[in-house]
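Worksheet: the structure to be examined is printed underneath.
Each chain gets a letter, A, B and so on, in the order its sequence line appears, and its residues count up from 1. Since this is a predicted model, take the numbers as computed values, not measurements.
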Number of protein chains: 4
Amino acid sequence: MSRKESKSPTFDRIVEASLQLFNQQGERSVTTNHIARYLNISTGNLYYHFACKEDIINELYRRYSKGMADYLNAAGELSVNASIEGLVSLLEKVLRHLWTFRFIPQSISSLFSVNQSLQESYSKIEAGLISRGVEKLFFKLRDQGMLEGDDVQIGFLARNFQLLQTGWIARPDIARCPQEAQVVAREGCLSLLYFLAPYVSSRFRQPFERVLASMAPVQALPAV
Amino acid sequence: MSRKESKSPTFDRIVEASLQLFNQQGERSVTTNHIARYLNISTGNLYYHFACKEDIINELYRRYSKGMADYLNAAGELSVNASIEGLVSLLEKVLRHLWTFRFIPQSISSLFSVNQSLQESYSKIEAGLISRGVEKLFFKLRDQGMLEGDDVQIGFLARNFQLLQTGWIARPDIARCPQEAQVVAREGCLSLLYFLAPYVSSRFRQPFERVLASMAPVQALPAV
Amino acid sequence: MSRKESKSPTFDRIVEASLQLFNQQGERSVTTNHIARYLNISTGNLYYHFACKEDIINELYRRYSKGMADYLNAAGELSVNASIEGLVSLLEKVLRHLWTFRFIPQSISSLFSVNQSLQESYSKIEAGLISRGVEKLFFKLRDQGMLEGDDVQIGFLARNFQLLQTGWIARPDIARCPQEAQVVAREGCLSLLYFLAPYVSSRFRQPFERVLASMAPVQALPAV
Amino acid sequence: MSRKESKSPTFDRIVEASLQLFNQQGERSVTTNHIARYLNISTGNLYYHFACKEDIINELYRRYSKGMADYLNAAGELSVNASIEGLVSLLEKVLRHLWTFRFIPQSISSLFSVNQSLQESYSKIEAGLISRGVEKLFFKLRDQGMLEGDDVQIGFLARNFQLLQTGWIARPDIARCPQEAQVVAREGCLSLLYFLAPYVSSRFRQPFERVLASMAPVQALPAV
DNA sequence: AATGAATGAGTATTCATTCAT
DNA sequence: TATGAATGAATACTCATTCAT
């Protein structure tokens, strides 16, 4: 995918079917036999493309975290010509991405007990790169005048933001329901914007309120 | 326990051992044989007390959610003579409680796929009673002058607060580490206070800042 | 068996059925399912008694090598009142023992590639204890006047003796044939006696020839 | 090879790679995929040249037994102008040949259970032709005055000799070790010479002892 | 209450072999 | 000749659960 335009059609079909089944029924109760039968291929063929179930999950995690990293980069560039609309649009994309891979935030902890390599990837990527990237991004947004707050506040803001973001997607009550990505992203976005609201600078308050109003037309944003 | 004076010593030992093992190694990789061996009892005996593994988990969930409900009630009474110190102290207790049952917030979604009844309990209790209880509590805190914000804001605040609370405990990077409950609770509490900060009324700002300072002595709480 | 009068009837039945099947069909083509089905027990039950197939083999190897060690001890004591008849009778017992566990000398090398722990046991026991024991025994027999030869000769004699002993049992042409143990032991014994003949002292030559004649009545033992 | 000028380069490469891998890791744990990957060819290509894995083994057995037969013929001619040196040199060549194909004596019995046709070849060739050939050879050596003994003795000598020869190569403790062929052949040769020693005629005793001394310089050959 | 042997449907995985290109 | 994706029966092993005592 990244380097050589994808390994093979079957490889990709396995990855995509697994993602779908994992999201629907939970990784735990989706066996390699299920995946193969779902695709009308033999287990032998599945194992021709993947050495083990772990590797399918790892490939999914790779795609998931690569997407997150890409959005983070996009966010870095976006903030050059900072606009609330741009930020919100990106945030929705991120939430849709998270929703696409929702089995990951949902079951990441319980995956650790059966997939050691995933734990390592996670430490490096999620808890490392991405976490730090989000922090940097928030400080940049402050530098550009979009956010206000001292270092400690912005630090907590960044960390809590991530927790809320994945926590929203991992919410057990919505997880398996076949909600539309659009709806989940919208509502999640609204929650996150309300979370950010107190830190939005006065200069950006007006467009911020406008966006908020456009998402949930009834209520205006009250001053804190 | 409270009403029926506990079923039997063995029953309780099974529940407690399971909790410990689930937290340490993840529910998924703890078998009923592990639990029995850990307690030096036979599997037959374990199944004399519990019809199935699910029931052990359900009993743990019952205790977990009962604890949460109790703390919620305590919060309701506390708010009569509202004090920041009281709130913080209760928050720490809740976080310690969550930490004690941390395998639940960590793996709740993935448990659903193998435990249908748990999903039902969850909808009723967590997403129902408790969720509504927290919302009521936050409105009460506003009525008592501790928090400020309009209905929509307080609504989002309550919901996000819960997400953050469990999200903090379920963080995969701390989950299996043998952190001390005290440390986890402290840091989580700090995160949550920073989350609430913008909504604390001016009347309570001083004690709030005092408490915050006492928890992380170096930094004062800056105005938004 | 050795310490606590055997673990359980089923444990022993598994060991014995495995031995029989391994001898008949070769360890390689006898699966744990075969063994269970042969005994009319479930695979689960088989795995209740043995953690893995390797452990069945290891237990068989344990019994095999324990038997060999016991016979070696018996040989040590026997040689106190040295007699050709006693030696021959013991040799027949050893050959019958080897024949009972014939799948081991037959497939030991190819077992190594799938059973690391067996290789370790083998180095310690077979190539260590037993090999040295046989050497000591042969030197003792010389001291008692039954054998003649210098140290180098007796050393080679001992080593070649062992090679012949197991080589005879492992002979691929007789291995799977349902020969009677008695016949195999007889013929093997004869081969081994002819191998030893040149080193039998003149003092023991007469009884030696008598025994030889009794086993293969037609031919007398010619002088070298 | 000799008659049909070899089937194809790939055919031969497969045979040779298989031999190497079988010797190193044991036939049992070398899959057809391993062989193909080792040669950088596709499995399909491997199966273009061989109908099944068995056939590779059969071809190796063919080469192995052909070599043995050739050496046996050479021995027949050699004995015309009988010399101890010539015999020893040939014996070393045979041992090196056996070492080259060592996976065969090591696993021949266990191969039978998965390769019926091999069992048939073996009965015809090894247990038939070669066995009888060796017997004839030994009688010839006696006729030429190199060996002494009656018919029964020489018969047992021939049979035991073969058992020792392959037994030495198949010894599980040296099998997988990357010993040099030269060393193995030397030591094996010495063992076999000591085995023959008692039957060497007085006329050939002197050159025999000379050769023995040259191989293990320290010790002279003691009279029996 | 308690034991521990027994069950059996499942689970990931392997590997000789086939087949379309 | 050669490729490499695809097959599928087999294999070792697991684990929640049952049952006779």
Whole angstrom value for the distance that separates C1' of F/dT18 from CG of B/Asp55: 16 Å
message: If the threshold is 4.0 Å, N to carboxylate O, is there a salt bridge linking D/Glu27 and C/Arg28?
response: yes
message: The test is side-chain contact (heavy atoms from CB on, under 4.5 Å); show your working for D/Thr10 and D/Leu39 and say whether it passes.
response: CA-CA 9 Å; D/Thr10 305; D/Leu39 287 171; over 6 Å; no
message: Counting only side-chain heavy atoms from C-beta out, which of E/dT17, F/dT3, F/dT7 sits nearest to A/Ile41?
response: F/dT7
task: For B/Ile14 and E/dA2, give me the distance from atom CD1 to atom P, rounded to whole Å.
output: 9 Å
- prompt: OP1, OP2 of F/dT3 versus side-chain N and O of D/Ser42: anything below 4.0 Å?
  reply: yes
task: Can you tell me the distance, in whole Å, between the CG atom of A/Leu39 and the P atom of F/dA6?
output: 11 Å
- line: Rounded to whole Å, the NZ-C1' distance (C/Lys53 to F/dA10) equals 12 Å
task: For E/dA6, take OP1 and OP2 only and decide whether either is under 4.0 Å from a side-chain N or O of C/His49.
output: yes
Assigned partner base of E/dC15, Watson-Crick or wobble definition, under 3.5 Å: F/dG8
message: Which is more 5' along DNA chain F, the nucleotide nearest C/Gly44 or the one nearest C/Arg28? Just name the residue.
response: C/Arg28
query: In whole Å, what is the span from the CD atom of C/Glu54 to the P atom of F/dA12?
result: 12 Å
query: Whole-Å distance between F/dA10 C1' and C/His34 NE2?
result: 9 Å
- request: Can you tell me, in whole Å, how much space there is between the C1' of E/dA1 and that of F/dT21?
  value: 13 Å
- request: Hunt down the Watson-Crick or G-U wobble partner of E/dA20, both distances under 3.5 Å, from any strand shown, or write none.
  value: F/dT3
- request: Fit a plane to each ring of D/Phe11 and D/His49, take the angle between them on a 0 to 90° scale, and name the class: parallel (under 30°), tilted (30 to 60°) or perpendicular (over 60°).
  value: perpendicular
query: Just checking A/Thr43: base, sugar-phosphate only, or nothing, at a heavy-atom cut-off of under 4.0 Å?
result: base
task: Looking at every strand, decide which applies to A/Thr32 at a 4.0 Å heavy-atom threshold: base, sugar-phosphate, or nothing.
output: base
- request: Taking only the side-chain nitrogens and oxygens of B/Tyr47, find out if one of them lies under 4.0 Å from OP1 or OP2 of F/dT17.
  value: yes
message: Strictly below 4.0 Å: does C/Thr10 bring a side-chain N or O up to OP1 or OP2 of E/dA6?
response: yes
- prompt: Would you say A/Phe103 and A/Leu60 make side-chain contact, with heavy atoms under 4.5 Å?
  reply: yes
- line: Nearest-nucleotide check on DNA chain F, C/Ala51 vs C/Ser29; residue mapping nearer the 5' end is C/Ser29
- prompt: Under a 4.0 Å N-O cut-off, is there an ion pair linking A/Arg63 with A/Glu59?
  reply: yes
- request: Calculate the interatomic distance between C/Leu46 atom CG and E/dT7 atom P; express it in whole Å.
  value: 11 Å
message: Does a side-chain N or O of B/Asn45 approach OP1 or OP2 of E/dT3 to a distance below 4.0 Å, or not?
response: yes
field: Identified pairing partner of F/dT14, criterion: Watson-Crick or G-U wobble below 3.5 Å
entry: E/dA9
D/Ser107 (side chain) donor-acceptor with D/Ser110 (main chain) under 3.5 angstrom: no
task: Report the distance from atom CZ of C/Phe11 to atom C1' of E/dA6, rounded to the nearest whole Å.
output: 17 Å
- line: Nearest-nucleotide check on DNA chain E, C/Asn33 vs C/Arg13; residue mapping nearer the 5' end is C/Arg13
task: Considering just the side-chain nitrogens and oxygens of B/Tyr48, establish if one lies under 4.0 Å of OP1 or OP2 belonging to E/dA2.
output: no
